[in-house]
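Okay, so here's the structure we're looking at.
Side chains are part of it too, since the values below use all heavy atoms of this structure and drop only hydrogens, waters and symmetry mates. As the structure is a prediction and not an experimental result, all values here were calculated from the model. Naming convention: chains lettered A, B, ... in sequence-line order (proteins, then strands); numbering from 1 in each chain.
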Amino acid sequence: MLSLAFIRKNPDVVRRAAELKAEPAPVDEILRLDTTWREHLTAAEKIKEEQNKLSKEFARTRDEVLKERLRQMADTGKRELAVAESVKRELDDLLLRVPNIFHDSVPIGKTEAENVVVREWGSKPDLGFAPRTHYDLGEALGIMDFEHAARVAGSRFAFLLGDGARLERAMVQFMLDVHTREHGYKEVWPPMLVNSASMVGTANLPKFADAAFKVEGRDLWLIPTAEVPLTNFHRDEILEPDRLPLKYVAYAPSWRTEAGAAGKDTRGLIRLHQFSKVELVKVTSAETSLDEFEQLTRDAEDILQRLGLHYRVLAMCTGDMGFAQYKKYDLEAWAPGLDRHLEVSSCSTFNDFQAMRANIRYRPERGAPPRFAHTINGSGLALTRTIDAIMETYQRTDGMISVPEVLKPYMGGVELIGAR
RNA sequence: GGAGAGGUGGCCGAGUGGUUGAAGGCGGCGGUCUCGAAAACCGUUAUGGGUCACUGGCCCAUCGAGAGUUCGAAUCUCUCCCUCUCCGCCA
């Protein structure tokens, strides 16, 4: 979130950012409540101060008249404080609904059409025949099954079978190995259900409650991304200076309701209620976060390059980048069968927006006063869609799929999916 | 799920109603000593918020969370969360 002090001082900056992000921001109401809150708080604290003084006096004198006066003061003080607190609760709730500001380098724009391609890698492969879609291939090979998934769970679920399941497992291993051994991330196996406080910390609550699955009758949510447990790992902590930057990588399934996406991407392994993802998260100092963000994006790109997939990097424009992000890149891999790009990674830096919600701080130097950390995350990569791109890119005329070189060591000798 | 014990500052740990925001120790920082360092000694060392004559002062809050009793709560009561031990159950 943005601090009350920041909004107080820069209401116009906040208004403009919200407008360009096409997000509502109750700035005026916040400023109004802020004034009311401080009026009542000051009044309550003044009474409390007097009360504290007289209370000490009473401890000595045991004067009954004084006691009666104190009793009344306690009464009015409590009433005043109750008002202040109720206004503050309202204020805090509104603060959680103010979108983040964005970095100067973010392109201004309304829709995805105004996102900017910052770089491309490779080129669209020429397969020499009409490429088939991954679901077409997958069902024919018997490695993907949507019909049984619908029976077992419903729409937007999938079974992976045989070498399809094996491919998924291989990808997880491959990605984790690269990120831990070569990019310096620490591997984490996180909880996959989290409490509401964690969801607030990463800004999944309160605004996006309907995007996540909630466990009935309990304060638990299925993680929409491993970002939530990873970022919240350090919630309410003050980190000593030598610990930053923290770099975590986790494989975890991600669960999303996909409310509002009715009818969109209904076929294939594109938009599911459950998908696998290897997630990268960094907690950094304020000074290094932009550099660390660029590097994290490169770390994710490295996976695509090793897999030999053509992709492009998009700088998201203000209107398309989201509520909490300070700057965001999407990595889109080319899927020849679908004849479109698939978003396989989304890399974001949040400035101190999440850290403020999650209360993650650090000391810039030993003994220095703490300040809010910066948080960064990105998929490295989303498994399901990457598998789509692999299948469609590495398909052969006979409908079989060559295993990319880097995955072969993880496929237990399988080099060609579909061969008997 | 049942029974019991416990959750105090960066860490350990004392503290059962009134200068306790909190003893003591460790750690950190500054200093004395030293050619320098160690040791020793001295000093210092929380966070959030409000406010003002604002690179400082004053005030309020905070001892797992919330509510209550009281003039006054780290200390008493209730609810919840978490940790540990034993039992039960279980992959």
Legend entry - Exercise: identify the closest heavy-atom pair between Ala140(A) and Arg132(A): CB-NH2, 3.8 Å

Legend entry - N/O (side chain, Asn52(A)) to phosphate O (OP1/OP2, rC60(B)) under 4.0 Å: yes

Inset, instruction - Report yes if the side chains of Leu41(A) and Val87(A) come closer than 4.5 Å at any heavy-atom pair, otherwise no. - result: no

Inset, instruction - Measure the distance from CD1 on Ile238(A) to C1' on rG48(B) and round it to the nearest whole Å. - result: 10 Å

Legend entry - Separation of rG49(B) C1' from Glu49(A) CD (nearest whole Å): 15 Å

Inset, instruction - Could you measure between the two P atoms, the one in rU75(B) and the one in rG68(B), and give it in whole Å? - result: 15 Å

Inset, instruction - Identify which nucleotide among rG48(B), rG49(B), rU70(B) has an atom closest to any side-chain atom of Arg361(A), counting heavy atoms from C-beta outward. - result: rG48(B)

Inset, instruction - Could you check if a side-chain atom of Tyr185(A) sits within less than 4.5 angstrom of a side-chain atom of Leu176(A), using non-hydrogen atoms only? - result: no

Legend entry - Shortest non-hydrogen contact between Arg271(A) and Ala261(A), atoms and distance: CD-CB, 3.7 Å

Legend entry - Between rC12(B) and rG31(B) - P atom distance, rounded Å: 30 Å

Inset, instruction - Nearest whole angstrom, please: distance from the C1' of rG10(B) to the CZ of Arg243(A). - result: 12 Å

Inset, instruction - Can you tell me, in whole Å, how much space there is between the P of rU62(B) and that of rA3(B)? - result: 32 Å

Legend entry - Nearest-Å distance once atom C1' is located in both rU45(B) and rC54(B): 24 Å

Legend entry - Selection from rC59(B), rG72(B), rG18(B) that lies nearest to any side-chain heavy atom of Arg62(A): rG18(B)

Inset, instruction - Taking the side chain as every heavy atom from C-beta outward, state whether Phe174(A) and Val406(A) have any pair of such atoms under 4.5 Å apart. - result: yes

Inset, instruction - Quote, to the nearest angstrom, the P distance that separates rU79(B) from rG2(B). - result: 13 Å

Legend entry - Proximity of Phe323(A) and Phe353(A) rings by center, below 6.0 Å: yes

Legend entry - Given rC71(B), rG18(B), rG72(B), the nucleotide with the shortest approach to the side chain of Ala59(A): rG18(B)

Inset, instruction - For Leu54(A) and rG18(B), give me the distance from atom CG to atom P, rounded to whole Å. - result: 19 Å

Inset, instruction - State the dot-bracket string of RNA chain B. Criteria: Watson-Crick or G-U wobble, both atom distances under 3.5 angstrom; notation: ( ) intrastrand, [ ] crossing earlier pairs, | interstrand, . unpaired. - result: ((((((((.[[[..)..(.....]]]((((((.......))))))(((((((...))))))).[[[[[..)....]]]]])))))))....

Inset, instruction - Specify the separation, in whole Å, of atom CD of Glu64(A) and atom P of rG72(B). - result: 14 Å

Legend entry - Residue pair Glu279(A), Tyr248(A): steps toward the side chain to side chain donor-acceptor pair (under 3.5 Å) verdict: CA-CA 8 Å; Glu279(A) 183 76 4; Tyr248(A) 297 120; over 6 Å; no

Inset, instruction - Would you indicate what Lys56(A) reaches in the nucleic acid, counting non-hydrogen atoms under 4.0 angstrom: base, sugar-phosphate, or nothing? - result: nothing

Legend entry - Of Phe58(A) and Arg38(A), the one whose closest RNA chain B nucleotide lies more 5': Arg38(A)

Legend entry - Pairwise 5' ranking along RNA chain B for Leu41(A) and Glu50(A), keeping only the more 5' one: Leu41(A)

Legend entry - Given Lys327(A), Met321(A), Gln325(A), the one that forms side-chain contact (heavy atoms from CB on, under 4.5 Å) with Phe102(A): Met321(A)

Legend entry - Interatomic distance at P, rA91(B) relative to rC82(B), whole Å: 23 Å

Legend entry - Atom-to-atom span, NZ of Lys67(A) to P of rU69(B) - whole angstrom: 15 Å

Legend entry - Pairwise C1' distance, rG64(B) and rG7(B) [rounded to whole Å]: 6 Å

Legend entry - Min side-chain heavy-atom separation Asp388(A)-Met144(A) under 4.5 Å: yes

Inset, instruction - Select base, sugar-phosphate, or nothing to describe what Ser55(A) touches, counting heavy atoms under 4.0 Å on all strands. - result: base

Legend entry - For atom CG of Leu66(A) and atom P of rU70(B), their distance in whole Å: 17 Å

Inset, instruction - Report which part of the nucleic acid Lys88(A) touches: base, sugar-phosphate, or nothing (heavy-atom distance under 4.0 Å, all strands). - result: nothing

Inset, instruction - Could you check whether Arg8(A) gets within reach of a base, just the sugar-phosphate, or nothing at all, counting any heavy atom under 4.0 Å? - result: sugar-phosphate

Inset, instruction - Would you state whether a donor and an acceptor, one from the side chain of Arg363(A) and one from the base of rG28(B), lie under 3.5 Å apart? - result: no

Inset, instruction - May I have the distance from Arg235(A) (atom CZ) to rA65(B) (atom P), rounded to whole angstrom? - result: 14 Å

Legend entry - Interatomic distance at C1', rA23(B) relative to rA74(B), whole Å: 14 Å

